[in-house]
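Some notes on the structure that comes next.
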Amino acid sequence: MKIRTRFAPSPTGHVHIGNIRAAIYGWLFARHEGGNFLLRIEDTDRERSTPEAVRMVLDAMNWLGLTFDEEPLYQSTRTPAHLAAAEQLLSKGLAYKEDKGGTGMGEAIIFRMPGTDMEFRDEVKGVLRKKAEDMKDFVIVRSNGTPVFHLANIVDDIHMGITHVIRGDDHVENTYRHLALFRALGAEPPKYAHLPMIVNAQGKPYSKRDGAAYVGEFRDKGYLPGALFNYLALLGWSPGDDREIMSREELVKAFTLDRVRSAPSQMDIKKLDWMNGAYMRALPKSELEQGCCSILEQKGLWPVTGGMEYLARVVETMGERLHFFADIADHAAYFFTEDYAFDEKAVSKRLKKEGALESLRTLAGRFAALEPFTAATSEQALRAMAEQRGEGAGALVHPVRVAVSGTSEGPSLFHMLEVLGKDRVLSRIRRALDRFASA
RNA sequence: GCCCCCAUCGUCUAGAGGCCUAGGACGCCAGGUUCUCAUCCUGGUAACAUGGGUUCGAAUCCCGUUGGGGGCGCCA
């Protein structure tokens with residue numbers, strides 16, 4: 001039988017990291033088994049289920065590459081089927097009408113639990129049991145005539161031919177009800193796999209108060225979809241060997257439900273950051289440049305003379321220093337504007353030192369005479385001057401770096417100078433001389 | 001309160017009775033490379049919650065304790 005899994009979010013506006021992880025596991029499992037991964041939008045809550053909210057779910061999945069195989073099923077279109085199922089249960093005596101709790105709102109349809117002890121084998125938690133006395137009958141159709149989650153969920157899973165339900169831990173207790181419903185409707189129940197929660201440092205469910213909690217936030221912060229996917233796949237699951245950075249194909253190949261851990265796991269943003277850096281370093285040049293470009297546009301640092309060709313050279317010299325696209329603006333803005341910030345500490349350490357400005361002035365003079373002005377020629381000039389003065393190259397390198405970039409961190413100085421170009425280097429040094437002369 | 005689940009370095013994890021004086025990764029610390037930073041390389045730090053069993057032998061099996069989480073809706 002062909003495996004069919006589904007992701008069934010209710011579109012509330014944001015896709016929580018825990019939910020998307022369930023989607024990732026469902027996708028991975030389906031792909032591993034050569035089955036289908038389906039999407040069902042549980043939009044029965046008309047208040048919150050706006051078209052924009054649905055859009056956000058689709059966007060998040062698309063961004064992460066969670067492709068689904070058939071047209072998404074909108075639960076709101078299935079109400080007649082849900083109600084028909086309830087009638088069927090009623091006629092078979094498996095459900096009854098009652099004003100449960102005496103609300104005075106009229107009669108609801110209540111499903112009758114079998115009254116026997118139940119057990120099932122969860123694909124990650126193993127065998128789970130519950131005693132008959134711990135399970136109560138429950139409402140499947142409200143007195144206002146609308147179907148309840150449990151009913152809709154099961155009727156739709158039957159309709160979609162779902163073979164494996166992979167969902168959050170919080171549904172474990174519902175499973176007995178769902179199993180009973182499947183049987184009452186004469187359907188073979190699917191296999192269940194309950195995923196432990198993603199928790200915060202306090203062990204509480206991970207929420208927006210713990211930093212980014214929604215897929216969109218990670219995207220906005222500049223994380224690469226591949227990195228987030230890889231990280232989340234490894235949060236609660238492991239291939240059984242020491243692999244960490246894994247391609248999507250490797251993940252699909254290795255993924256099995258029996259290797260999913262049953263203990264909750266905590267997000268480690270530092271590790272995600274590291275992984276993102278690793279993915280950045282592996283990114284094709286063109287994608288790296290494209291990503292940086294949109295950040296620069298966002299920050300108003302683009303366009304710039306030289307265009308993409310210039311950007312390519314900047315990205316090239318920044319190299320491994322880019323852990324996020326945003327780093328191009330946060331750590332390399334000086335390549336794109338004359339209005340770059342000066343780091344106080346760097347200035348006092350490198351420019352306000354005895355003789356620093358005087359050396360800079362001399363060096364600028366030598367730079368001015370260089371033709372062509374390249375990494376090689378500027379390096380040669382600087383080293384020659386340092387040698388004549390009997391001091392280390394660092395004594396000149398550092399002041400120049402701070403003068404032209406405002407910071408003491410950055411790429412190889414000489415490559416940086418070449419990319420900036422002679423004119424800008426000279427004018428920046430001059431300006432720095434003026435600015436810090438009296439200070 | 002009742003029911004269920006969980007428990008290895010700070011974090012993510014490997015471990016399915018002897019291969020474990022517990023392995024890997026992130027982080028952190030130290031060193032190397034270097035003009036700084038980043039990358040990279042080397043080394044280090046650090047864990048089987050606890051008490052009982054079972055066994056020749058337990059991180060691995062059983063029971064209790066503690067600690068955490070989830071669930072007990074005409075929410076999903």
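Quick note on labels: first sequence line is chain A, next is B, and so on, each numbered from 1.
Atom-to-atom, CG of A:D330 to C1' of B:C37 comes out at 15 Å; the value is rounded to the nearest Å. In this entry the distance linking CG of A:L234 with P of B:C12 reads 12 Å, nearest Å. When the C1' atom of B:A76 is taken as reference, atom CG of A:N153 falls 9 Å away, rounded to whole Å. A:R261 has its CZ atom 8 Å from the P atom of B:C12, to the nearest Å. In this structure, CZ of A:R401 is placed 16 Å from P of B:U34, rounded to the nearest angstrom. Between the P atom of B:G27 and the CD atom of A:Q266 lies a distance of 16 Å, rounded to the nearest Å. When the C1' atom of B:C12 is taken as reference, atom CD1 of A:I245 falls 13 Å away, rounded to whole Å. Atom-to-atom, CZ of A:R259 to C1' of B:C12 comes out at 14 Å; the value is rounded to the nearest Å.
Aromatic ring pairs are classed by plane angle as parallel below 30°, tilted from 30° to 60° and perpendicular above 60°; the pair A:H194 and A:F120 is perpendicular.
Summarising the base pairing, B:C19 is matched to no nucleotide, lacking a Watson-Crick or G-U wobble pair whose two defining distances lie under 3.5 Å. Both distances falling under 3.5 Å, in either a Watson-Crick or a G-U wobble arrangement, place B:A30 opposite B:U42. In this entry B:U50 has B:G64 as its Watson-Crick or G-U wobble partner, both defining distances falling under 3.5 Å. The partner of B:G1, taking Watson-Crick or G-U wobble pairs whose two distances both stay under 3.5 Å, is B:C72.
If you check every strand for non-hydrogen atoms under 4.0 Å, A:S412 touches a base. Within 4.0 Å of A:H323, counting heavy atoms only, lie sugar-phosphate atoms of the nucleic acid but no base atom. Residue contacts for A:I110: at a heavy-atom cut-off of 4.0 Å it reaches no nucleic acid atom on any strand shown. Among the heavy atoms of the strands lying under 4.0 Å from A:A263 are primed sugar atoms or P, OP1, OP2 only; no base atom is included. No contact: A:K131 has no heavy atom under 4.0 Å from any strand. A:P411 comes within 4.0 angstrom of a nucleotide base, judged by non-hydrogen atoms across all strands. If you check every strand for non-hydrogen atoms under 4.0 Å, A:S408 touches a base. Here A:G392 lies out of heavy-atom contact (under 4.0 Å) with every strand. Among the atoms of the strands shown, base atoms are found under 4.0 Å from some heavy atom of A:H171. Using a 4.0 Å heavy-atom criterion, one finds that A:K100 contacts the bases of the nucleic acid, with or without backbone contacts as well. In this structure, A:V148 reaches the sugar-phosphate backbone alone: every heavy-atom distance under 4.0 Å involves primed, P, OP1 or OP2 atoms, never a base. Residue A:L235 is in sugar-phosphate contact alone, with no base atom involved, counting any heavy-atom pair closer than 4.0 Å across all strands shown. Within the 4.0 angstrom heavy-atom criterion, base atoms lie near A:S143. Heavy atoms of A:E379 sit nowhere under 4.0 angstrom from any nucleic acid atom.
Picking from B:C37, B:A25, B:U39 the nucleotide with the shortest atom distance to the side chain of A:R321 gives B:C37. When the nucleotides B:C6, B:A38, B:C40 are ranked by their closest atom to the side chain of A:R281, B:C40 comes out on top. Comparing B:C75, B:C12, B:C26 by their nearest atom to the side chain of A:R142 picks out B:C75. Checking B:C35, B:C4, B:G69 against every side-chain atom of A:K204, the shortest atom distance belongs to B:G69.
For the P atom pair drawn from B:U39 and B:C29, the interatomic distance equals 13 Å after rounding to whole Å. The same atom, C1', is picked in B:C20 and in B:G57; the two are 13 Å apart, to the nearest Å. Comparing the C1' positions of B:G18 and B:U54 gives an interatomic distance of 16 Å, to the nearest angstrom. Comparing B:G43 with B:C4, their C1' atoms are spaced 46 Å from each other, to the whole Å. Comparing the C1' positions of B:U13 and B:G27 gives an interatomic distance of 14 Å, to the nearest angstrom. Comparing the P positions of B:U65 and B:C2 gives a spacing of 12 Å, expressed to the nearest Å.
Taking the centre of each ring, A:Y231 and A:Y223 stay at or above the 6.0 Å mark. For A:F111 and A:F138, the ring centers sit closer than 6.0 Å to each other. Between A:Y25 and A:W237, a ring centre-to-centre spacing not shorter than 6.0 Å is recorded.
Considering only side-chain N and O atoms, A:K136 lies under 4.0 angstrom from the phosphate OP1 or OP2 of B:G73.
There is a side-chain donor-acceptor pair under 3.5 Å between A:D156 and A:H82. If you check the side chains of A:Y176 and A:D134, you find no donor sitting under 3.5 Å from an acceptor. When only modelled atom types and interatomic distance are considered, A:D43 and A:S76 share a side-chain donor-acceptor pair under 3.5 Å.
For the pair A:R40 and A:F7, the NZ or CZ position fails the cation-pi test of under 6.0 Å to the six-membered ring centre and within 45 degrees of the ring normal.
Comparing A:W237 and A:W274, the nucleotide of RNA chain B nearest to each residue sits closer to the 5' end for A:W237.
Under 3.5 Å, the side chain of A:D99 and the base of B:C74 form at least one donor-acceptor pair of N or O atoms.
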